[in-house]
Amino acid sequence: MPVPPSSAAQPAQLWPPQNGVTVDVETLRGLAERMLVTRVLDTEAVRWQRQGILPAFPPAIGQEAAQVGSAMALDRARDMAFITYRDHGVVVGLDSDLTDYMGSHLALWNGGFADPNKVRHSPLQAVVGATALHAMGWAYAQKLDGTGGAAIAYFGDGASSQGDVHEAMNFAAVSKSPVVFFVQNNGWSLSTPLDLQVAGGSVAARASGYSMPSMRIDGDDVGEVYAATQIALEHAREHGPVVIEAFTYRRGPHATSDDPSRYRSLEEERALGPDPIDVARQLVADEAWWAEAEQRAEQAVDAVRVQMQSPRTIDGNDMFDYVFQEKTPQLVKQQEQWREETDLD
Amino acid sequence: MPVPPSSAAQPAQLWPPQNGVTVDVETLRGLAERMLVTRVLDTEAVRWQRQGILPAFPPAIGQEAAQVGSAMALDRARDMAFITYRDHGVVVGLDSDLTDYMGSHLALWNGGFADPNKVRHSPLQAVVGATALHAMGWAYAQKLDGTGGAAIAYFGDGASSQGDVHEAMNFAAVSKSPVVFFVQNNGWSLSTPLDLQVAGGSVAARASGYSMPSMRIDGDDVGEVYAATQIALEHAREHGPVVIEAFTYRRGPHATSDDPSRYRSLEEERALGPDPIDVARQLVADEAWWAEAEQRAEQAVDAVRVQMQSPRTIDGNDMFDYVFQEKTPQLVKQQEQWREETDLD
Amino acid sequence: MTEQLSTQKAINTALREILADDAKSLVFGEDVGKLGGVFRVTDGLQTEFGAHRVIDTPLAESGILGMAAGLAMAGHRPIPEVQFDGFAYPAMNQIISQIARTNYRSRGATPMQMVLRIPSYGGIRAPELHGESIEATLAHVPGLKVVSPSNPHQAYHLLRRAHEMPDPVMFMEPKSRYWNRGDVDFENPGDLEGSLVAREGEDLTIIAWGAMVARSLEVAELAAEDDVSIEVVDARWLKPLDEDGLVASVAKTGRAVIVHEAPRTAGLGAEIGQLLTERLWGKLEAPVERVTGYDVPTPAGDLEDEYIPSIDRILFGVQRSLEY
Amino acid sequence: MTEQLSTQKAINTALREILADDAKSLVFGEDVGKLGGVFRVTDGLQTEFGAHRVIDTPLAESGILGMAAGLAMAGHRPIPEVQFDGFAYPAMNQIISQIARTNYRSRGATPMQMVLRIPSYGGIRAPELHGESIEATLAHVPGLKVVSPSNPHQAYHLLRRAHEMPDPVMFMEPKSRYWNRGDVDFENPGDLEGSLVAREGEDLTIIAWGAMVARSLEVAELAAEDDVSIEVVDARWLKPLDEDGLVASVAKTGRAVIVHEAPRTAGLGAEIGQLLTERLWGKLEAPVERVTGYDVPTPAGDLEDEYIPSIDRILFGVQRSLEY
Ligand SMILES: Cc1ncc(C[n+]2csc(CCOP(=O)(O)OP(=O)(O)O)c2C)c(N)n1
Ligand SMILES: Cc1ncc(C[n+]2csc(CCOP(=O)(O)OP(=O)(O)O)c2C)c(N)n1
Ligand SMILES: [Mg+2]
Ligand SMILES: [Mg+2]
């Protein structure tokens with residue numbers, strides 16, 4: 001066969017937008033406020049872990065702009081976010097119930113307590129890469145149902161190495177499903193640096209191989225993230241999938257159990273460029289408002305702490321009750337035996 | 001994080017070569033002769049299937065140039081091919097024992113009878129995509145051992161959708177392992193056409209996403225395939241992985257059980273451009289030699305037919321003897337029971 | 001209304017009716033659309049319901065099952081196919097970590113209502129990985145239900161039933177039986193829960209599923225000539241197992257032989273044997289016998305008959321049990 | 001020479017010695033290099049043996065196992081790791097279709113000599129999919145061998161032994177026991193084949209593996225206070241199972257309780273129970289008891305203690321068996 005022309009359709013150039021980016025003050029405040037909540041939640045959660053309230057915690061410190069900015073671009077009436085273990089900022093950005101969400105980090109319940117259909121985000125996904133496929137399937141359903149909804153799949157630079165991410169991107173591009181693949185390239189997958197993880201160093205670079213548009217953005221500038229995600233979502237609704245690669249940095253450890261000094265130096269951590277929270281503060285440029293917002297964030301997180309520590313109605317029965325919609329006789333029997341053997345204690 | 005520069009290293013441009021391609025007459029004859037053997041084998045095998053000698057067969061008709069041309073570029077002293085169910089031309093191109101190879105299509109033995117280390121190709125792989133990973137691992141071993149050997153992974157446009165292919169390409173590019181990913185883009189994966197399979201239509205287009213060089217070649221021109229594969233192998237030995245996408249066409253059914261008229265029309269099949277065998281005939285440009293080569297090919301395949309039908313020493317014991325290098329007591333017992341219950345028949 | 005159909009046609013009919021009745025259902029997988037599937041099980045469905053609901057997907061099983069999970073989260077009721085049993089392995093992560101757990105993870109808010117069709121087991125002289133029996137692997141996974149029909153009537157009704165169930169059902173179709181015909185009574189499904197006595201008998205119970213049911217019925221026929229009365233139970237539901245039904249039959253006969261194609265070690269025969277022993281302690285005349293595939297990779301076609309339990313091997317099992 | 005080591009350190013020591021002794025061995029997986037693994041099992045190895053032999057791979061389990069297969073084809077003896085049990089699922093296709101079969105497929109010409117290290121089972125309050133017990137799934141696969149050490153001495157010696165074996169060995173490390181210390185006698189491995197009597201007893205045999213061995217020993221200790229003499233057998237090799245060893249113990253005591261963390265249905269307890277019943281027909285005083293995880297996805301940390309067999313639950317199992 002003669003070689004066909006190099007690429008049928010060059011993917012659309014979505015970024016940077018021709019007219020630049022402007023985000024109005026109200027929106028910026030909304031974004032900044034939620035970034036603050038995320039930061040405080042993260043900082044507090046690390047403390048709660050030390051106090052033994054949480055068994056472990058994976059802080060998102062440094063990724064607030066990427067998470068909050070993208071989540072707030074979603075249309076909660078019809079869109080859906082597929083999140084991982086480190087996407088607290090998305091949960092905050094969607095105004096989801098933080099106590100419900102923390103149920104999962106409390107080791108109370110796999111995935112948390114919230115109903116995904118109400119809060120517009122999935123239970124938190126522990127298997128890296130899986131969000132991409134679920135977002136793709138969910139997005140295909142929106143096309144079928146004509147809802148105009150789009151899915152956003154969150155995953156990391158490490159997750160991008162999973163075969164599932166390739167399968168999802170290819171399926172989505174073939175079927176032109178409304179998905180935004182939102183990669184937080186934070187430089188690290190646990191202890192593994194980008195150059196050992198992502199050949200070529202950029203996940204977005206893979207998009208054109210699928211004839212899919214991609215956007216490489218500063219993930220620490222919340223205005224940029226917000227605007228870019230809006231553009232991507234609109235493109236996705238009309239034409240199909242888009243990859244956003246938000247460059248950011250994991251400023252904390254992989255999780256509370258991790259010791260980053262084993263694999264990266266303090267110098268490296270310090271040479272990062274500005275903290276996204278500081279970037280937002282400059283964008284908002286209203287110190288009085290900022291001080292109030294900080295206080296509100298602390299109150300909000302404190303309320304979570306209080307609620308989190310009041311006892312929840314979870315017990316071993318839940319373990320049996322949610323395996324199926326229709327419980328099997330075996331489970332009924334096992335549950336009975338469990339009750340007998342536990343009650344006798 | 002500020003967005004890093006678009007792509008650190010643009011992959012090398014390997015194709016077309018600056019000085020064009022010239023393949024000497026002797027080499028061309030060697031290639032053409034093996035293409036003929038492949039074509040005759042395929043044609044005969046379809047007949048054998050109709051006669052009930054083979055339970056099924058997946059002809060490679062139309063892909064002889066891609067397969068023979070690439071296989072003959074290998075250095076058999078140190079390289080290794082990882083093949084699938086449709087790569088007879090590679091087996092022929094490596095002068096591997098065809099009767100041993102046909103053992104697998106005869107349903108005598110999964111993978112055939114040949115020792116991969118001797119014939120320099122893997123047992124035929126039934127799981128699409130797996131060749132890419134095995135080639136990658138094998139290639140990494142060559143780097144460790146300093147053999148200078150390279151692996152070539154054969155797979156199809158359909159197989160390219162498997163997550164394993166992505167994982168293999170990424171690993172290979174990160175570790176700069178000497179692999180050539182040789183995609184036969186024959187337009188179809190069983191009944192599924194390219195546009196439903198490969199977003200964007202080209203597997204090679206994905207290579208740059210991994211900062212890996214790629215070559216898009218006419219897979220029906222055996223000289224081009226041979227030259228391109230040589231270039232790719234040399235690059236791989238020195239610098240790391242390369243993707244070759246050989247554009248070709250599956251001129252036959254997916255397998256003898258398949259009925260292509262259910263999904264493609266005769267018109268489409270006829271509008272294909274020249275048969276690779278005819279291309280080779282023109283390249284050789286020696287009709288007398290060609291006629292003799294055709295005869296030799298028929299004799300060679302006839303010898304295979306004769307050998308294939310003489311009984312082989314395979315019996316149910318083999319089923320137990322090759323599961324492990326060190327047989328388990330359970331298998332010893334099961335084998336005994338099998339003998340008892342079969343001997344009594 | 002009763003019609004003589006092949007299992008393949010019975011499943012095709014069930015799929016057509018599901019697609020017609022349930023706007024939220026979709027069928028997808030490799031080559032299920034234009035080709036109608038390698039076994040023609042989905043023949044004609046794309047023409048009738050469109051390429052958006054009967055979808056030729058890219059060649060990627062993890063993707064197919066992950067897509068199914070996403071669709072189910074959106075309230076659709078997908079009916080994906082993996083082309084052959086052995087190609088369920090690349091999808092195991094999506095099946096085990098995702099499909100089996102999403103209902104649990106979401107506390108019932110996002111059920112995984114779907115039927116995964118898996119052409120299963122050996123017997124058609126196919127290459128390796130085209131004749132796997134993966135029921136034990138699936139049955140071990142919390143959150144999955146597993147069913148395997150043995151004839152056209154069962155295939156039609158169990159598929160319709162599985163589609164209605166709110167939990168993920170692994171539907172294991174015995175591919176060697178696709179072309180065998182039998183009566184399908186559309187109006188009278190019979191009981192679709194649990195196991196089914198396929199033939200009554202007094203002396204011994206054979207428990208089988210899929211293609212091994214027909215073979216066990218042949219064995220029972222042969223044994224009857226020697227005045228041995230064998231009851232054949234079609235287990236059908238492999239998860240949950242119909243403990244009471246299986247126990248009832250073996251309580252009556254006192255002896256059980258379990259037949260399956262999967263390798264012996266840690267196969268479902270072990271679970272059923274152990275269950276029967278637990279429930280019928282002191283009432284069994286002999287240990288539960290297993291006639292199974294060997295602990296070897298399903299061999300190439302020419303050795304297939306040596307691997308899959310044959311009539312002779314089942315008869316040996318019966319004899320061992322009777323002579324205990 | 002005998003030293004007090006944790007299981008984690010014992011495995012680390014074995015790996016260091018293997019890398020030093022065998023130039024064809026390599027260790028790789030996610031974060032095994034610079035970090036030394038999330039459990040520090042590979043601590044220091046990259047510094048000592050170089051990043052080419054102790055490799056931080058990309059985050060892709062199917063890739064890791066596929067790479068291992070390719071390496072083994074080239075005559076290397078890889079020791080890959082999956083970071084947690086639940087992340088073996090994405091690699092199942094490479095494990096089942098490739099690693100378990102390549103020796104067979106090539107008629108023994110390309111053995112798959114490798115050890116896959118899998119930090120396994122629950123007990124550390126980790127999130128979901130970090131506490132899976134996948135031994136039954138692996139043991140059902142023809143072509144794999146499966147072993148699980150229960151203490152530092154076993155961990156050290158079984159790993160060294162597994163590395164020498166010419167077949168692929170799944171090495172299931174009980175992660176909740178990584179930090180428990182015990183004597184490792186480097187010169188005297190003891191018998192490394194088959195099962196091991198961890199405590200002798202007369203009245204009943206508990207069969208366990210991994211972390212459940214220590215728990216069963218506690219149960220035996222408690223039972224001794226009530227004058228019940230329990231023999232605890234550490235099964236160790238889960239494929240092939242040490243049938244003779246298990247049978248010998250239960251022949252002596254007449255009663256068996258099998259303890260495992262995996263879900264009950266189609267777990268390895270079923271296979272062992274059925275085996276014991278087949279081999280000891282008429283000699284058992286009670287049906288073989290199983291004390292196992294429930295048929296539910298391994299729950300989040302707070303419910304973990306409800307799921308994993310507790311001392312109480314094992315004692316109930318013992319009581320059921322004794323009172324039968
Ligand atoms: C399939 C799978 N393999 C391994 C892990 C263990 N693991 C959890 S997070 C992580 C690193 C992820 O890196 P990245 O995707 O970049 O996300 P980040 O942690 O940076 O947010 C690993 C290896 C996992 N969760 N899932
Ligand atoms: C993992 C896996 N899934 C499904 C199949 C069934 N199957 C065999 S060949 C084939 C089509 C392959 O197409 P392609 O990769 O383009 O190779 P070609 O047949 O064109 O040579 C399919 C779906 C398989 N062998 N392996
Ligand atoms: Mg990261
Ligand atoms: Mg093809």
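Chain A is the first sequence line, chain B the second, and so forth, proteins listed ahead of strands; every chain is numbered from 1.
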Side chain / backbone / both / neither for [X] at chain B, heavy atoms under 4.5 Å:
X       : result
L59(D)  : neither
A51(D)  : backbone
D244(D) : neither
Q113(D) : neither
L241(D) : both
T110(D) : side chain
H52(D)  : both
K24(D)  : side chain

Against chain B, work out which of [options] has the most heavy-atom pairs shorter than 4.5 Å and name it.
options                           : result
M165(D), M67(D), K239(D), R101(D) : M67(D)
L65(D), D242(D), T102(D), L144(D) : L144(D)
R105(D), E243(D), R107(D)         : R107(D)

Item to complete: In sequence, state the C-alpha distance, the side-chain angles, and the governing distance for V180(B) and H235(B), and then conclude on side chain to side chain contact (heavy atoms under 4.5 Å, CB included).
Response: CA-CA 9 Å; V180(B) 175; H235(B) 183 90; over 6 Å; no
Fill in: Full working for ring-ring contact (aromatic ring centres under 6.0 Å, His included) between Y154(B) and H121(B)
CA-CA 11 Å; Y154(B) 288 92; H121(B) 64 79; over 10 Å; no
Worksheet item: Looking at P116(B), S175(B), A168(B), which one has more heavy-atom pairs under 4.5 Å with chain D than the rest?
Response: P116(B)
Worksheet entry | Winner by heavy-atom pair count (cut-off under 4.5 Å) against chain D, out of A130(B), A135(B), G137(B) |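 The candidate making the most pairs under 4.5 Å is G137(B).
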Discussion item. Can you see whether Q197(B) engages S189(B) through a side-chain donor-acceptor pair at a distance of less than 3.5 angstrom?
Written reply: yes
Heavy-atom side-chain contact between [X] and [Y] under 4.5 Å:
X       : Y       : result
I244(B) : S70(B)  : no
T229(B) : F182(B) : yes
V288(D) : I272(D) : no
E81(D)  : I64(D)  : no
I134(D) : I118(D) : yes

Practice prompt. Could you label the plane-to-plane angle of the H105(B) and Y101(B) rings as parallel, tilted or perpendicular, counting under 30° as parallel and over 60° as perpendicular?
Written response: perpendicular
Worksheet item: Parallel under 30°, tilted from 30 to 60°, perpendicular over 60°: which one fits the rings of F87(D) and F84(D)?
Response: perpendicular
Worksheet item: So which part of N117(B) gets closer than 4.5 Å to some heavy atom of chain D, the side chain, the backbone, both or neither?
Response: side chain
Practice prompt. Sort by residue number and list every member of residues 317-334 of chain B having a non-hydrogen atom under 4.5 Å from chain D.
Written response: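 Residues in range: D318(B), M319(B), Y322(B), V323(B), F324(B), Q325(B), E326(B), T328(B), P329(B), Q330(B), K333(B).
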Worksheet entry | Proximal to chain D - members of residues 75-91 of chain B, heavy-atom separation under 4.5 Å |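 Under the 4.5 Å heavy-atom cut-off, F82(B) qualify.
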Worksheet item: Just wondering, more than 12 heavy atoms not from K118(B) lying within 6.0 Å of its NZ?
Response: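 Counting other residues, nucleotides and ligands, NZ of K118(B) stays at 12 neighbours or fewer.
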Discussion item. How long is the straight-line distance from CZ of F28(D) back to OH of Y140(B), given to the nearest 0.5 Å?
Written reply: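 Output value for this atom pair is 9.0 Å.
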When you check the gap from the basic side-chain N to the acidic O, do [X] and [Y] get nearer than 4.0 Å?
X       : Y       : value
R120(B) : D95(B)  : no
E336(B) : R339(B) : no
E193(D) : R236(D) : no
D22(D)  : R77(D)  : yes

